[in-house]
Number of protein chains: 2
Amino acid sequence: MSKRSATPRNARRPSVKDVAERAQVSLGTVSNVLNRPDRVSAGTRERVERAMTELGFVLNETARQLRMGRSNTFAYVMLDATNPFFTDVARGIELAAEKADLSLFLCNSDGRDARERAHLEHLQQQRVDGILITPVDPESAELERITLQGTPVVIVDRATTSGSFCSVTVDDRLGGRMAIEHLVDRGHTRVAYVGGPVSIGQVRERYEGACDAWRDAGHRDTDLIHVQTEALSVEEGRVAGERLAGLPKRARPTAVFCANDLVALGLLQQVISTGQRVPQDLAIVGYDDIAFAAGAAVPLTSVRQPRQALGRTAADLLIDEVNNPDHEHQQVEFTPELIARVSTLG
Amino acid sequence: MSKRSATPRNARRPSVKDVAERAQVSLGTVSNVLNRPDRVSAGTRERVERAMTELGFVLNETARQLRMGRSNTFAYVMLDATNPFFTDVARGIELAAEKADLSLFLCNSDGRDARERAHLEHLQQQRVDGILITPVDPESAELERITLQGTPVVIVDRATTSGSFCSVTVDDRLGGRMAIEHLVDRGHTRVAYVGGPVSIGQVRERYEGACDAWRDAGHRDTDLIHVQTEALSVEEGRVAGERLAGLPKRARPTAVFCANDLVALGLLQQVISTGQRVPQDLAIVGYDDIAFAAGAAVPLTSVRQPRQALGRTAADLLIDEVNNPDHEHQQVEFTPELIARVSTLG
DNA sequence: ATCCCGTTCTGAAACCTTTCAATGCAAGGA
DNA sequence: TCCTTGCATTGAAAGGTTTCAGAACGGGAT
């Protein structure tokens, strides 16, 4: 640990006024140099620019926004910044925003309602031009209120019954169906669904799709074991693994469909650590096909979602909503794809 | 795809002035209700608050900032938002910021210089109170300029020779040494270091630490094979694996130390896919100990860094720099820890 | 009745930028 | 010489908030 002196805090920052003074021109001219350089003669422009660098002028964006009423900034409120699925979605948004010359702020609600509310409040006060969000609760009145108050919102990866937003989703019900159909095809007859809490729309939808396929295969709904988790995390996957191991042998499933890859990876670790073989003793299907699924202890079969496209599309919808006066809200739905790997193929 | 009508864009948003008018009080009183409610009589306060909700008043933070000259907002410019190491660091920062009642914006430079510059420029213009950053190039004059112009900067996970910032690092040289010492202890005599580009400080430091340990073990520097990668990603890890496989059998290393876990995981996948056994045919050590390291095809030995503590400490330093008039810059260095798993233990 | 004090409320100034109507100026045409 | 035209520049107003010196008011003490 070494110590040094602190950054200067005293000096007021130079404003356009200071620049104008130094360059011997008026405020308006400085502003013109900044925003319409073509309207300024070469000589004065050069003089003004010199003054700017000499003073170390940094435009005060908050003042500009105040005057202009828009910020050219979007924000994406992520549900869980440590889940690679969402960072990939964020990347899609980022690229679209960059192309449109917009700044993007990422916020992390960390799955907590209170944190999400705080972020939304702050973003609205910051007057961002629009908000993309994967909400904790898509039906929250909060979101509706925000659009009513004039900040457009696009829902990412969540369905919503409200007509106040654009939304971009993947057909989770279909994804759930694909996972179970795959397991049924492989001959499994004792199958579990691992995921929770059911307050998460995805968890419900994937479960329903799973049930659909399960019934279509001639089974009874109630035969599909549902192991609830507290969250969709690696840790919860491990816990679920222990729960399964606790079942009497003949009630134990031969295959498991997990609500996402984090849960599947946790489950996989727990299962392997107890000496069971995957898929011989237990087949596992995950969801999302994050980059680490293919590199897992046993490469994971997973339902892939078009993550970047999801983000890009959401951003494009928001851009349209902001710029296009006769924008109409759209609900875009993508289709998932099953990627079969060793964890079910053996 | 269904369509609906757009969000209202026309209506000007209500300002304190509108609230004042409606509540039959002056501007100042509304401001007092907002900022010093105790100085306002219960009756008027209630009246003003009612007016606010009736009008759907949302405070204009940009105007407030303009007036106050501070924003109560930090930003963290991440080097790679898809690398779990950085999202964990971000989480540490987030928690510290939340505790101090500060908003945090995350930006992703994606390892690109241009994107980083754009973000920094924008943040500075936004007048954030401080910037945390894992820079593409810690020696960049850009960073120095920003502090000179009055925005404090804290460097996260990168060393810097400049005395203008606080910084928080982990002893990478020691980490590199630990990795190689571990491999030497396990009896390996043909070892490779995989990582690049060398323009990344980490890549260099870990390599140097590795060389130190290698020499101490009685080997010649030049015997430590250095396989360069273009980036620290899973994909580049795979490529490196192919390169190694291309070596003549007797020149091939029996153990590899990778500059981070993403590279190690990519390498691991490639190696396994060609039918080699880990660690019998090739032992692998990673770096960072991200959550997915333990759950890899072969659980990965890795050098763990205190990720959240890194972020938390960085945020605390920045908070001190912003609030404490006689703040002094500090360089905090954490110590890494080797976590041995199957990928080297067999 | 007068004075003083504390509480509550007021309104103008300041923060920094953009915009726009108006001004100044030089060159070209009549 | 006088007008016109077009370009370069100016300066005040506006945008929404906070601050602060001071006004208004009510009540208690004298």
Side-chain angles (χ1 to χ4, degrees), chain A residues 11-49 51-52 55-73 122 124-129 149-151, chain B residues 11-49 51-52 55-73 122 124-129 149-151:
Chain A
R12 193 180 57 80
R13 297 186 186 208
S15 73
V16 279
K17 196 163 164 188
D18 302 309
V19 173
E21 213 158 276
R22 172 151 200 146
Q24 312 256 47
V25 295
S26 75
L27 286 192
T29 302
V30 177
S31 179
N32 281 335
V33 170
L34 252 20
N35 302 300
R36 308 182 211 61
D38 45 303
R39 304 230 176 129
V40 179
S41 73
T44 35
R45 189 188 332 151
E46 203 259 331
R47 205 150 24 98
V48 170
E49 277 161 355
M52 289 201 205
L55 290 172
F57 169 76
V58 176
L59 193 140
N60 187 326
E61 179 70 20
T62 63
R64 181 205 281 246
Q65 279 171 219
L66 175 58
R67 176 60 225 240
M68 307 247 284
R70 64 179 327 209
S71 60
N72 291 316
T73 302
H122 183 233
Q124 206 186 0
Q125 293 184 347
Q126 285 280 346
R127 299 292 194 266
V128 296
D129 291 345
Q149 293 178 342
T151 305
Chain B
R12 192 180 59 80
R13 297 183 146 147
S15 73
V16 279
K17 197 162 162 189
D18 302 310
V19 173
E21 211 159 276
R22 172 150 200 149
Q24 311 256 45
V25 296
S26 76
L27 285 193
T29 302
V30 177
S31 179
N32 281 335
V33 170
L34 251 20
N35 303 299
R36 309 182 211 61
D38 46 303
R39 304 230 175 126
V40 178
S41 73
T44 37
R45 188 185 336 147
E46 202 260 330
R47 206 153 22 100
V48 170
E49 277 162 354
M52 289 200 207
L55 290 171
F57 169 75
V58 176
L59 191 141
N60 186 327
E61 180 69 20
T62 64
R64 181 206 282 249
Q65 280 172 219
L66 175 59
R67 176 59 225 240
M68 307 246 284
R70 65 179 323 207
S71 60
N72 291 316
T73 302
H122 184 233
Q124 207 186 359
Q125 294 185 346
Q126 285 280 346
R127 297 291 194 265
V128 295
D129 290 346
Q149 293 178 342
T151 305

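Remember, it's a predicted structure, so these values are computed and weren't measured experimentally. Side-chain atoms are counted along with the backbone in the values below, which use heavy atoms only and exclude waters and symmetry mates. Below, chain A is the first sequence line, B the second, and so on; all start at residue 1.
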(request) Examine D:dT17: is either OP1 or OP2 under 4.0 Å from a nitrogen or oxygen in the side chain of B:T62? Give yes or no. (result) no
(request) May I ask you to say what B:R127 touches in the nucleic acid, namely base, sugar-phosphate or nothing, with a heavy-atom cut-off under 4.0 Å? (result) nothing
(request) Measure from the side chain of B:L66, starting at C-beta and using heavy atoms only, and say which of D:dT9, C:dC15, C:dT10 lies closest. (result) C:dC15
(request) Tell me whether the OP1 or OP2 atom of C:dC16 has a side-chain N or O from A:R13 closer than 4.0 Å. (result) no
(message) Is there a side-chain contact between A:N35 and A:R64 in this structure, where contact means two heavy atoms from C-beta onward sitting under 4.5 Å apart?
(response) yes
(request) Verify whether one side chain among B:Q65 and A:Q126 offers a donor that lies under 3.5 Å from an acceptor in the other. (result) yes
(message) Closer than 3.5 angstrom, by distance alone: can the side chain of B:R45 be matched with the main-chain N or O of B:V33 as a donor-acceptor pair?
(response) no
(request) Could you work out which one of C:dC9, C:dT19, D:dT17 sits closest to the side chain of B:R64? (result) D:dT17
(request) Just compare C:dT19, D:dT9, D:dG16 and give me whichever is closest to any side-chain atom of A:R67. (result) C:dT19
(request) Write down the distance between CG (A:N35) and C1' (C:dT18), rounded to a whole number of angstrom. (result) 7 Å
(message) Checking contacts here: which listed nucleotide (C:dT17, D:dG16, C:dT8) is nearest the side-chain heavy atoms of A:S15?
(response) C:dT17
(request) Would you kindly give the CG-to-P distance between A:N72 and C:dT18, to the nearest whole Å? (result) 12 Å
(request) Please tell me which of the listed nucleotides, D:dT9, C:dC9, D:dT17, lies nearest to the side chain of B:V40? (result) C:dC9
(request) Would you check if the side chain of B:R13 reaches a backbone N or O of A:Q149 as a donor-acceptor pair within less than 3.5 Å? (result) yes
(message) In this structure, how many angstroms lie between the P atom of C:dT17 and the CD atom of B:Q125, rounded?
(response) 10 Å
(message) Quick check on D:dG16: is either OP1 or OP2 less than 4.0 Å from any side-chain nitrogen or oxygen of B:R12?
(response) yes
(message) Nearest whole Å is fine: how far is D:dA8 P from A:D38 CG?
(response) 9 Å
(request) Round to the nearest Å and state the distance from A:N32 atom CG to D:dG11 atom P. (result) 14 Å
(request) To the nearest Å, give me how far apart NZ (A:K17) and C1' (D:dT10) are. (result) 15 Å
(request) Quickly work out the B:Q126 CD to C:dC16 P distance and round it to whole Å. (result) 16 Å
(request) Measure from CE on B:M68 to C1' on C:dA14 and round the result to the nearest Å. (result) 14 Å
(request) Return the nearest nucleotide to the side chain of A:S41; candidates are C:dT10, D:dA8, C:dT17. (result) D:dA8
(request) Return the 5'-most residue of the pair B:L27, A:L59 with respect to DNA chain C, ranking by each residue's nearest nucleotide. (result) B:L27
(request) Locate the shortest heavy-atom distance separating A:V25 from A:V48; write the atom from each residue and the value. (result) CG2-CG2, 4.0 Å
(message) Side-chain N or O of B:T29 versus OP1/OP2 of C:dC9: is the shortest distance under 4.0 Å?
(response) no
(request) Check whether any side-chain N or O of B:T151 sits under 3.5 Å from a backbone N or O of B:Q124 as a donor-acceptor pair, and report yes or no. (result) no
(request) Please state whether the phosphate of D:dT17, meaning OP1 or OP2, lies under 4.0 angstrom from any side-chain nitrogen or oxygen of B:N60. (result) no
(request) Pick base, sugar-phosphate or nothing for A:R36, based on heavy-atom distances below 4.0 Å to the nucleic acid. (result) sugar-phosphate
(request) Quick one: label B:V25 by what it contacts on the DNA or RNA (base, sugar-phosphate, nothing), any heavy atom closer than 4.0 Å. (result) sugar-phosphate
(request) Tell me which of A:R47 and A:A63 sits closer to the 5' end of DNA chain D, going by the nucleotide each one is nearest to. (result) A:R47
